[in-house]
J.: 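Sharing a structure, written as structure tokens. Questions coming.
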Amino acid sequence: QVGGGSWGVEASPMPEGYCWDVIQYEPTPACRAAMVGDIAALESLGPGEADAASPVVGLSPMHHAAIAGGVAALEALVRKGASPSLANHMGLTPAMVAAVCGRAEALSFLLRQEGVTGNEVEGQLGRGALHLAAAFGVEASVGALLESAKVDPNLPAADGSTSLWSAAVYGHAGAAQLLAGAAGADLERGMGGVTPLQAAVLKGHGGVAEALLGAGARAPPLSDGTTLLEVAIGTKRATCVRALVSPAGLKAGVDPDGELAGPGMPPLAFAVRAASAAEVEALAGAAGGAWEGADGEGL
């Protein structure tokens, strides 16, 4: 929150153009000019002022212009010698804030500047612009980053997660589809031994599962041998069941008729026993006649 003369943090809905809890602080004149697009004021900046950060948050005029999506302000700051890759104390770069705030045009401008790649994972955040855009599901930013050819879609964050894994975990099907379709994308690389598809099913994100399967992801069981179909039925995630028993799911290795190790019965029987009507409906069209329970009892 620009202005106020002091600072504080409060839980707040996310207004358009902002990507974190509201922080109140007094910006420098240069930062304010960048935020509102006062080009004349930016053109009159003295030596060093173009990179002078505001207190508390450590955001430079370039950060403020990126948050506002002001390409003209970014251009003026570059002419004054501002660094387009300057990070604050948390490792947050102008490209990162532009990515999270969905300022695709500003982000594309920054990515054209020397030294800006979108792959930065150093600092307190430990995530680059692509990781953040994926985690927030900002499709325009994910698209701009991939189109720039200056990001590695498989680059892990400091915690080992990939951008695709983040999109899958947080349920952003559009971002996941873009990332899965990127050249050289590793659809199986995840975090903690869990692939993006497994993470999507565990979280109940059917749209993401559909996108990943459509891109050619495989559907291996979890480390304990539990199949993804068993997970989806047991947690009553009908959208995940539909994705898994789709033609793409079958191609990925999903068996809609095979006996599930945990319940000891075929998927359709398990769905009936679990009183999962939507899952029964999803499975009925894919089942190849496995209409009996483990004890041979007709369904």
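Heads up: numbering here begins at 1 and tracks the sequence.
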J.: Tell me the closest heavy-atom pair linking A53 and T28, and the distance in Å.
T.: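 Where A53 meets T28 most closely, the heavy atoms are O-CG2, 3.6 Å.
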J.: Would you say the side chain of C240 lies within less than 4.5 Å of the side chain of H205, judging by non-hydrogen atoms?
T.: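 The answer is no; the side chains never approach within 4.5 Å.
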J.: When you group the ILVMFWY residues by side-chain heavy-atom contacts below 4.5 Å and let the links chain together, are W165 and L146 in the same group?
T.: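 Yes: a chain of side-chain contacts under 4.5 Å links L146 to W165.
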J.: Measure the CD-OG distance between E147 and S108 for me, rounded to the nearest 0.5 Å.
T.: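 These two atoms lie 7.0 Å from each other.
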J.: Start with the C-alpha distance between R242 and E210, add both sets of side-chain angles, then the distance that settles salt bridge (charged side-chain N to carboxylate O under 4.0 Å, His left out), and finish with yes or no.
T.: CA-CA 8 Å; R242 292 190 186 96; E210 182 179 1; over 6 Å; no
J.: Please round to the nearest 0.5 Å and tell me the distance separating atom NE2 of H63 and atom CG of L74.
T.: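 Rounded to the nearest 0.5 Å, the NE2-CG separation comes out at 11.0 Å.
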J.: Distance-only, no hydrogens or angles: does the S161 side chain make a donor-acceptor pair with backbone N or O of A157 under 3.5 Å?
T.: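 Flag not set: sc S161 to bb A157 has no pair under 3.5 Å.
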J.: If hydrophobic clusters are built by linking Ile, Leu, Val, Met, Phe, Trp and Tyr wherever their side-chain heavy atoms come under 4.5 Å apart, do L59 and M35 end up in the same one?
T.: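 Yes; tracing contacts between hydrophobic side chains, which count when under 4.5 Å, links both residues.
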J.: Do you know which two heavy atoms are closest between A180 and L164, and how far apart they sit?
T.: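 Looking at all heavy atoms of both residues, the shortest contact is N-CD1, 4.2 Å.
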J.: Run the salt-bridge test on K80 and E49 with the 4.0 Å N-O cut-off and return the result as yes or no.
T.: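 So K80 does not pair with E49 through a salt bridge.
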J.: Can T227 and L244 be said to form a side chain to side chain contact (heavy atoms under 4.5 Å, CB included), step by step?
T.: CA-CA 11 Å; T227 67; L244 290 167; over 6 Å; no
J.: Any side-chain heavy atom of L107 sitting closer than 4.5 Å to one from L111?
T.: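 Answer yes - side chains close enough.
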J.: Is there a donor-acceptor contact under 3.5 Å from the side chain of N88 to the main chain of T93?
T.: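 No.
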J.: Hey, does L179 have a side-chain heavy atom less than 4.5 Å from the side chain of S163?
T.: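 Touching, per the 4.5 Å side-chain cut-off.
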J.: For residues 186-194, run the donor-acceptor check on the side chains, cut-off 3.5 Å, and write out each pair with its distance to 0.1 Å, sequence neighbours left out.
T.:
from : atom 1 : to   : atom 2 : distance (Å)
D186 : OD1    : E188 : N      : 3.0
D186 : OD1    : R189 : N      : 3.3
E188 : OE2    : R218 : N      : 3.2

J.: For a 4.5 angstrom cut-off between non-hydrogen side-chain atoms, does L92 reach V97?
T.: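 Side chain of L92 against side chain of V97, heavy atoms only: contact under 4.5 Å found.
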J.: For K150, I'd like to know if atom NZ has over 12 heavy atoms of other residues, nucleotides or ligands within 6.0 Å.
T.: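 Result for NZ/K150: enclosed.
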J.: Hey, what do you get for OG (S85) to CG (L110), rounding to the nearest 0.5 Å?
T.: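 With rounding to 0.5 Å, OG (S85) is 9.5 Å from CG (L110).
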J.: Locate the shortest heavy-atom distance separating A66 from P94; write the atom from each residue and the value.
T.: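 Smallest heavy-atom distance, with atoms named: CB-O, 3.4 Å.
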J.: Do you know the tightest heavy-atom contact between P153 and A183?
T.: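 Distance-wise, the nearest heavy atoms are CG-O, 4.1 Å.
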J.: Indicate yes or no: does D38 engage R32 in a salt bridge with an N to O separation below 4.0 Å.
T.: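 R32 and D38: not salt-bridged.
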J.: I want to check something: taking the side chain as every heavy atom from C-beta on, are P267 and L260 in contact at a cut-off of under 4.5 Å?
T.: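 Counting from C-beta outward, P267 and L260 do come under 4.5 Å.
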J.: Could you measure the distance from the CZ atom of F270 to the CD atom of E230? Nearest 0.5 Å is fine.
T.: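 If I round to the nearest 0.5 Å, the distance is 5.5 Å.
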J.: Do the side chains of T226 and P221 get nearer than 4.5 Å, heavy atoms only?
T.: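 P221 vs T226: side chains apart.
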J.: On a heavy-atom basis, which atom in G102 and which in S141 lie closest, and how many Å separate them?
T.: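 G102 and S141 have their closest heavy atoms at CA-OG, 3.6 Å.
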J.: Which value, rounded to the nearest 0.5 Å, describes the distance between T195 atom OG1 and L212 atom CG?
T.: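 So the OG1 of T195 and the CG of L212 are separated by 8.0 Å.
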J.: Please check this pair: side chain of R103 against backbone of I67, looking for a donor-acceptor N/O pair closer than 3.5 Å.
T.: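 Yes, because the side chain of R103 sits within donor-acceptor range (under 3.5 Å) of the backbone of I67.
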J.: Check the surroundings of atom CD in E105: do more than 12 heavy atoms from other residues, nucleotides or ligands lie under 6.0 Å from it?
T.: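 Result for CD/E105: open.
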J.: Give the intermediate values and the outcome of side chain to side chain contact (heavy atoms under 4.5 Å, CB included) for residues V254 and L213.
T.: CA-CA 11 Å; V254 176; L213 289 166; 5.6 Å; no
J.: Is there side-chain contact between Y170 and V208, with heavy atoms separated by less than 4.5 Å?
T.: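 When only atoms from C-beta onward are counted, V208 and Y170 do not touch, as no gap falls below 4.5 Å.
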J.: Evaluate side chain to side chain contact (heavy atoms under 4.5 Å, CB included) for L130 paired with L155, printing each intermediate quantity in order.
T.: CA-CA 9 Å; L130 187 59; L155 182 73; over 6 Å; no
J.: Using 0.5 Å steps for rounding, measure from the NE2 atom of H172 to the CG atom of L178.
T.: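 H172 NE2 to L178 CG: 12.5 Å, rounded to 0.5 Å.
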J.: Please examine the side chains of R127 and S166, heavy atoms only from C-beta on, and report whether any two atoms are closer than 4.5 Å.
T.: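 In short, these two side chains touch, coming nearer than 4.5 Å.
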J.: Are K203 and V169 close enough, and set up right, to give a side chain to side chain contact (heavy atoms under 4.5 Å, CB included), and what steps lead you there?
T.: CA-CA 7 Å; K203 290 289 186 178; V169 166; 4.1 Å; yes
J.: If you compare all heavy atoms of D51 against all heavy atoms of G81, which two are closest, and at what distance to 0.1 Å?
T.: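 Minimum heavy-atom separation between D51 and G81: OD2-O, 4.1 Å.
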J.: Test of understanding: clusters of I, L, V, M, F, W, Y form through side-chain heavy atoms closer than 4.5 Å, transitively. Do M90 and L86 belong to the same one?
T.: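 No; tracing contacts between hydrophobic side chains, which count when under 4.5 Å, never links both residues.
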